[in-house]
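Here is the structure we will look at, set down as structure tokens.
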Protein chains: 2
Amino acid sequence: MSIQYAILGLLSWKPLSGYDIKKIISESDLYPWSGNNNQIYRSLVEIHAEGLVSQEVLLQETLPARKVYTITQKGLTALRAWVQSTPELPELHNTFLIQLAWADQLSGAEMDAMISKYAEEVDIQLRMLLEKGQRPSNTPARTRREAFLWEKISQNLVSTYQNELDWVRKLQTELKEKGH
Amino acid sequence: MSIQYAILGLLSWKPLSGYDIKKIISESDLYPWSGNNNQIYRSLVEIHAEGLVSQEVLLQETLPARKVYTITQKGLTALRAWVQSTPELPELHNTFLIQLAWADQLSGAEMDAMISKYAEEVDIQLRMLLEKGQRPSNTPARTRREAFLWEKISQNLVSTYQNELDWVRKLQTELKEKGH
DNA sequence: CCTTTCATGTAACCTGTTACATGATTGG
DNA sequence: CCAATCATGTAACAGGTTACATGAAAGG
């Protein structure tokens, strides 16, 4: 997929500036991009050139000018088509599994240490996600159904980390029990 | 992380050619790379230049020559250090969630169709993983502990897709029940 | 006083992908 | 006869990251 659709999606919610989009993408756990300027400002120029969004320059007295983008009818249609296009499988990028694959070289204590470190990190991430879920700020809820979908998206992220945490805890206890 | 450590890991198992490594990486679900030539042959040249592996050219009568790489003591030490280095969190790249985020534009039937398509794909992937798990071929098992670790890695992948499937099935039934 | 926020944008770089190039052998 | 397997490698491109550049205002 392309980040352009992610941006188009955000603009289908409400008009936003590049700066706004950057903040949302870099703070959210849903988007797999860092939210760097280069990508976002370029993408906006591109989707503007394609007529998927319109641009409005808001001059401000003291602060720098804001370029606010609004989705067009053409943009809405393009987004709709993309949303219905064949979904991709989630891509799993778990470096820890590759580290674990070659961990037999380590002593029991060393292995325990590396696994504990990972468990700790996953645990922290899970707590952060649950905390964020408490205060639904940046999520659109124009209909009851949309609110429901966003709740489900949040639950997906939580359950993914919860599943990972369960797996790693079980790994820890099994290693201790069996005294491998 | 870098693919170089993934390659070093494989070579800590047994000596392999670039061609072998390419096959393993492109066929396995553990590695998040496509296994394209460019990356692999370049990486091998690099880790060879760093003295992490040694190279042996095996001339074959009819077939093209094989360049077989063997890990060195320096390579084993570097791998060991990497395995113990601070683990990263798993990176979640799930495009479907972003599609779902803007799916409120769709009719009930259209949304049902897109979700079903996703559920179907995840289901197929899960079945394929379970099938692969039945025949443990390409996994090292030099000690009981190593066999255990690889079993756990396989279980991690399975549980991730199983968790995703459970989530999407629940999404389907909840949408039907509530008649959103 | 220093850091953060606002707000846009560019340059240089790194990583990864697809596609191309070569060429013999084996299997359906 | 055509496709796949073996086996290495390169060129062109796409996607993404970090770091740089500017410059005012607000907050601790």
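Chain letters run A, B, ... following the sequence lines, proteins first and then strands; every chain starts at 1.
Atoms CD (A:Gln55) and C1' (C:dA7) sit 13 Å apart, rounded to a whole Å. Atom CD1 of A:Ile7 is separated from atom P of D:dG16 by 10 Å (rounded to the nearest Å). Summarising the geometry, the separation between CD on B:Glu91 and P on C:dG16 is reported as 10 Å, rounded to the nearest angstrom. Across the protein-nucleic acid pair, A:Leu59 atom CG and D:dG23 atom C1' stand 16 Å apart, rounded to whole Å. Rounded to an integer number of Å, the gap from OH of B:Tyr5 to C1' of C:dT15 is 16 Å. Between the P atom of C:dG9 and the NE2 atom of A:His48 lies a distance of 11 Å, rounded to the nearest Å. Atom CZ in B:Arg42 sits about 7 Å away from atom P in D:dT10, given to the nearest Å. Taking atom CH2 of residue A:Trp33 and atom P of nucleotide C:dG16, one finds them 17 Å apart after rounding to whole Å.
Between atom OG of residue A:Ser12 and atom CG of residue A:Leu52 there is a gap of 12.5 Å, rounded to the nearest 0.5 Å. Atom CD of A:Glu88 sits about 7.5 Å away from atom CD of B:Gln99, to the nearest 0.5 Å. With rounding to the nearest 0.5 angstrom, the CG atom of A:Leu92 is 8.0 Å from the CG atom of B:Asn156.
Applying the 3.5 Å distance criterion, the base of C:dG16 shares no donor-acceptor pair with the side chain of B:Asn36.
A salt bridge between A:Asp123 and A:Arg127 is present, with a side-chain N of the basic residue lying under 4.0 Å from a carboxylate O of the acidic one. Here A:Glu46 does not pair with A:Arg42 in a salt bridge; the nearest charged N to carboxylate O distance is not below 4.0 Å.
Note on residues 34-71 of chain A: no pairs pass ring-ring contact (aromatic ring centres under 6.0 Å, His included), not counting sequence neighbours.
Take the nearest nucleotide of DNA chain C for B:Asn37 and for B:Pro64: the residue whose nucleotide is more 5' is B:Asn37.
Residue B:Ser34 has no polar side-chain atom (N or O) positioned under 4.0 Å from OP1 or OP2 of C:dG16. At C:dT17, one or more side-chain N or O atoms of B:Gln39 fall inside 4.0 Å of OP1 or OP2 (strictly under the cut-off). In this structure, A:Tyr41 reaches the C:dT8 phosphate: one of its side-chain N or O atoms is under 4.0 Å from OP1 or OP2. Considering only side-chain N and O atoms, B:Gln60 lies under 4.0 angstrom from the phosphate OP1 or OP2 of D:dA7.
For residues 15-26 of chain B, proximity to DNA chain C is found at no residue, defined as any non-hydrogen atom under 4.0 angstrom from a strand atom.
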With Watson-Crick and G-U wobble geometry limited to distances under 3.5 Å, how should the secondary structure of DNA chain C be encoded in dot-bracket form, using | for bases paired to another strand and [ ] for crossing pairs? ||||||||||||||||||||||||||||
Apply side chain to side chain donor-acceptor pair (under 3.5 Å) to B:Ser107 and B:Glu110, showing your working. CA-CA 5 Å; B:Ser107 72; B:Glu110 285 168 331; 3.3 Å; yes
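A heavy-atom distance below 4.5 Å is found between the side chains of B:Asp29 and B:Lys132. When side chains are defined from C-beta on, B:Tyr118 does not count as touching B:Leu171, because their heavy atoms never get closer than 4.5 Å. The shortest side-chain heavy-atom distance between B:Phe148 and A:Leu175 falls under the 4.5 Å cut-off.
With D:dC6, D:dT18, D:dG23 as the choices, the nucleotide that has an atom nearest any side-chain atom of A:Asn38 turns out to be D:dT18.
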